[in-house]
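Treat the numbers as computed from the prediction; the structure is a model and nothing was measured.
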Amino acid sequence: MILSGGCVGFILDKIRFGILDEKSCLLIIIPVILLVVIYLHGRQIFEYDSDGEALHFRNRNVVPFLNRPLSDEFPKYKLIKFEMVSILFFSRLYVTISSKNNGSTTLKYETSYLTRKEVKDLKASLNKVVNANKEKRH
């Protein structure tokens, strides 16, 4: 939306107004830079649901055409372990689940936009499930 507005502003300035001269390129460059930053920072919306017998993870982007949304649902007993990795401004959740084919599969979710309280609650909930699964196995 910002990029299309910048393109329209660029075209109008070149054809009709001519107010910005060489600076009119900024109307396209700045929105492109913003889109690249949003793309590199990862999906903005992370949703987690642990109610019932299944875990449901959803990870999607505010700008729908940048990345495909992720949605995974699996039974709680399949969760083996999880790991939160934070490097500077980027944060990811790696979830390892048991699989019939490979033995285990690792799923990756972008969690950069979660608050500290949300991260703490997510870790507590996942720890609870992992500990319950360990007790059932032994």
So [Y] and [X], do their side chains get closer than 4.5 Å, heavy atoms only?
{"X": "Ile45", "Y": "Arg58", "answer": "no"}
{"X": "Leu55", "Y": "Asp49", "answer": "no"}
{"X": "Leu126", "Y": "Leu79", "answer": "yes"}
{"X": "Tyr77", "Y": "Val129", "answer": "no"}
{"X": "Thr96", "Y": "Thr105", "answer": "no"}
{"X": "Asn127", "Y": "Phe82", "answer": "yes"}
{"X": "Lys76", "Y": "Glu53", "answer": "no"}
{"X": "Thr111", "Y": "Phe90", "answer": "no"}

Please confirm whether the backbone N or O of [Y] pairs with a side-chain atom of [X], one donor and one acceptor, at under 3.5 Å?
{"X": "Asp72", "Y": "Leu107", "answer": "no"}
{"X": "Glu118", "Y": "Thr115", "answer": "yes"}
{"X": "Lys134", "Y": "Ile80", "answer": "no"}

Please find the pair of heavy atoms, one from [X] and one from [Y], that lie closest to each other, and give the distance.
{"X": "Ser112", "Y": "Ser91", "answer": "OG-N, 3.0 Å"}
{"X": "Met84", "Y": "Leu93", "answer": "SD-CD1, 3.4 Å"}
{"X": "Glu110", "Y": "Asn59", "answer": "N-OD1, 2.7 Å"}

ask   = Could you go step by step and tell me if His56 and Ser71 meet the side chain to side chain donor-acceptor pair (under 3.5 Å) rule?
value = CA-CA 7 Å; His56 195 144; Ser71 182; 3.1 Å; yes
message = For Ser104 and Ser98, which I'm curious about, is there any donor-acceptor pair between the side chains at under 3.5 Å?
response = no
inquiry  = Between Tyr48 and Asp121, is there a side-chain donor-acceptor contact under 3.5 Å, judged purely by atom types and distance?
reply    = no
query = Any ion pair linking Arg92 and Glu83 (charged N to carboxylate O, less than 4.0 Å)?
reply = no
task = If the plane angle is over 60° it's perpendicular, under 30° parallel, otherwise tilted; pick one for Phe74 and Phe57.
result = parallel
